[in-house]
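These notes concern the structure reproduced below.
Letters A, B, ... mirror the listed sequences (proteins, then strands); counts begin at 1.
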There are 2 protein chains.
Amino acid sequence: MARRKKPDARTAATDYSAIATASAILDAAERLFARKGFDATRVKQIGVAAEVNPALIYYYFSDKRGLHQAVIDRFGRELVGRATAALAAAGSPEDVVRAVVATQSAMLSGHPDRARIIGRELIDHDAEHAAELISSLARNVFSRLRAAIAQAQADGTFSSEYDPSYAALSTISQVIYFHLARPIVQALLRERGTIGRDEETAFAAHAAGFALGALSGGPR
Amino acid sequence: MARRKKPDARTAATDYSAIATASAILDAAERLFARKGFDATRVKQIGVAAEVNPALIYYYFSDKRGLHQAVIDRFGRELVGRATAALAAAGSPEDVVRAVVATQSAMLSGHPDRARIIGRELIDHDAEHAAELISSLARNVFSRLRAAIAQAQADGTFSSEYDPSYAALSTISQVIYFHLARPIVQALLRERGTIGRDEETAFAAHAAGFALGALSGGPR
DNA sequence: GTCTATAGGTGGATAGAC
DNA sequence: GTCTATCCACCTATAGAC
């Protein structure tokens with residue numbers, strides 16, 4: 001493999017998918033950062049999990065923070081890409097609501113680590129490391145969901161009594177919460193045993209119906 | 001002040017409210033653990049913030065983990081206490097839904113640290129340190145909300161097409177998400193400037209209406 | 001590009017005086 | 001109960017051989 005310039009963590013996201021070692025490091029780091037958090041994760045552990053010499057982490061990513069940023073960037077690119085693709089296909093406002101909820105579920109189902117990455121970024125440091133990701137989501141997903149709701153309100157399909165931004169928040173809160181608050185969800189659904197992917201998709205279907213039910217019928 | 005036995009962190013929650021020094025430590029620790037997380041918070045910082053000698057942290061709480069557990073326990077006692085009190089006053093199923101949402105909002109409004117404590121416990125270590133809190137909430141709040149929904153479904157007040165557990169999850173997800181996902185909420189409401197308590201209570205009112213609208217009208 | 005060895009620094013925890 | 005001094009484990013990061 002040709003000699004590579006040491007990537008600068010401060011510049012925009014680099015694509016490491018062609019480099020096997022770097023990809024292995026990113027995979028291992030994603031799992032560990034998600035499960036234990038940034039500070040509790042040891043660089044040595046990442047190396048062991050990736051079956052790579054820990055010193056290579058400093059070769060590919062300038063330091064631990066740089067690796068963390070790279071994990072967020074890679075994840076964010078996939079998330080925004082999928083969301084925009086799903087929304088491009090949506091026609092009616094109802095379709096937009098369903099598409100947003102379905103995409104959330106598709107991204108998170110069977111990937112508990114991803115929910116944790118999002119959760120951590122929301123809580124830690126006011127998500128400063130995911131600022132770009134969030135502004136991108138705001139432009140490409142949230143505002144389009146809100147616009148679809150507002151349009152349907154103008155049509156008379158949805159009740160005009162809701163604030164469109166609030167309604168959008170209520171809509172997206174459901175699936176994220178379901179995946180993020182796993183311990184609470186378990187406590188509520190304990191009679192059903194462990195939560196599998198079928199349960200996750202069933203909830204996503206419910207969530208879309210719940211939001212559309214509220215939007216169509218109006219508040220009480 | 002009389003000589004005190006060093007409390008054992010492994011036993012059930014101790015009440016430190018009478019001891020000024022211990023209370024100051026708990027207050028400072030709650031703020032710092034919430035904002036920076038357990039691992040990133042330095043014991044020394046807690047001492048400085050509490051204006052107390054850091055060594056006293058080991059005197060009152062056996063170690064850093066014991067302090068963390070005490071923070072969770074104190075917070076949990078207040079949360080469960082308020083929630084059960086609010087539910088005791090509720091009559092009709094509609095009242096129960098409104099009471100749960102209102103209590104969530106009352107607990108979190110103007111207290112961003114509290115939302116973070118909950119969020120961190122959900123994500124870190126699968127909330128193992130808050131196991132008691134969560135099972136208590138499950139018994140006292142979640143199951144009563146679900147029971148109220150099921151009862152209204154039997155009455156014909158709410159649509160029977162919803163799974164009561166799922167409907168309960170959709171209901172409680174809204175306010176928690178609003179407080180937890182502050183960066184995303186900001187992005188969606190950016191034209192309104194900074195989010196204040198008035199905005200927080202306005203959203204809580206919306207959330208109750210949204211849930212009741214969905215429950216009354218049925219899914220789409 | 002990969003590996004070893006180690007520097008350099010920090011933070012949790014304790015001993016013991018007062 | 002409070003404070004000082006300090007130990008020791010451990011972790012990030014780099015230097016440099018291969």
Under 3.5 Å, side chain of [X] to main-chain N/O of [Y], donor-acceptor pair present?
X	Y	answer
B/Glu78	B/Phe75	no
A/Arg42	A/Asp39	yes
B/Ser105	B/Ala102	no

For [X] and [N], give me the distance from atom [atom1] to atom [atom2], rounded to whole Å.
X	N	atom1	atom2	answer
A/Leu56	D/dA15	CG	C1'	15 Å
B/Ile57	D/dT4	CD1	C1'	16 Å
A/Arg65	D/dC11	CZ	C1'	15 Å
B/Phe61	C/dG12	CZ	P	16 Å
A/Asp63	D/dA15	CG	C1'	17 Å
A/Lys64	C/dT10	NZ	P	15 Å
B/Lys44	D/dA5	NZ	P	13 Å
B/Asp39	C/dT10	CG	P	18 Å

For [X] and [N], is the shortest distance between a side-chain N/O and OP1 or OP2 below 4.0 Å?
X	N	result
B/Tyr58	C/dA13	yes
A/Tyr60	C/dT2	yes
A/Arg42	D/dT12	yes
B/Asn53	D/dG1	no
A/Thr21	C/dT2	yes

Quick one: which of C/dA13, C/dT2, D/dC3 gets closest to the side chain of A/Tyr59?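 Nearest to the side chain of A/Tyr59 among the choices is C/dT2.
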
Looking only at side-chain atoms of B/Ala55, point me to the closest of D/dC3, D/dT12, C/dA13.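 Nearest nucleotide to the side chain: D/dC3.
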
B/Arg182 NZ/CZ over B/Tyr177 ring centroid, <6.0 Å and within 45° of normal: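 That pair does not qualify as a cation-pi contact.
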
Do B/Leu215 and B/Tyr162 come within less than 4.5 Å of each other through their side chains, counting heavy atoms only?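 In short, these two side chains touch, coming nearer than 4.5 Å.
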
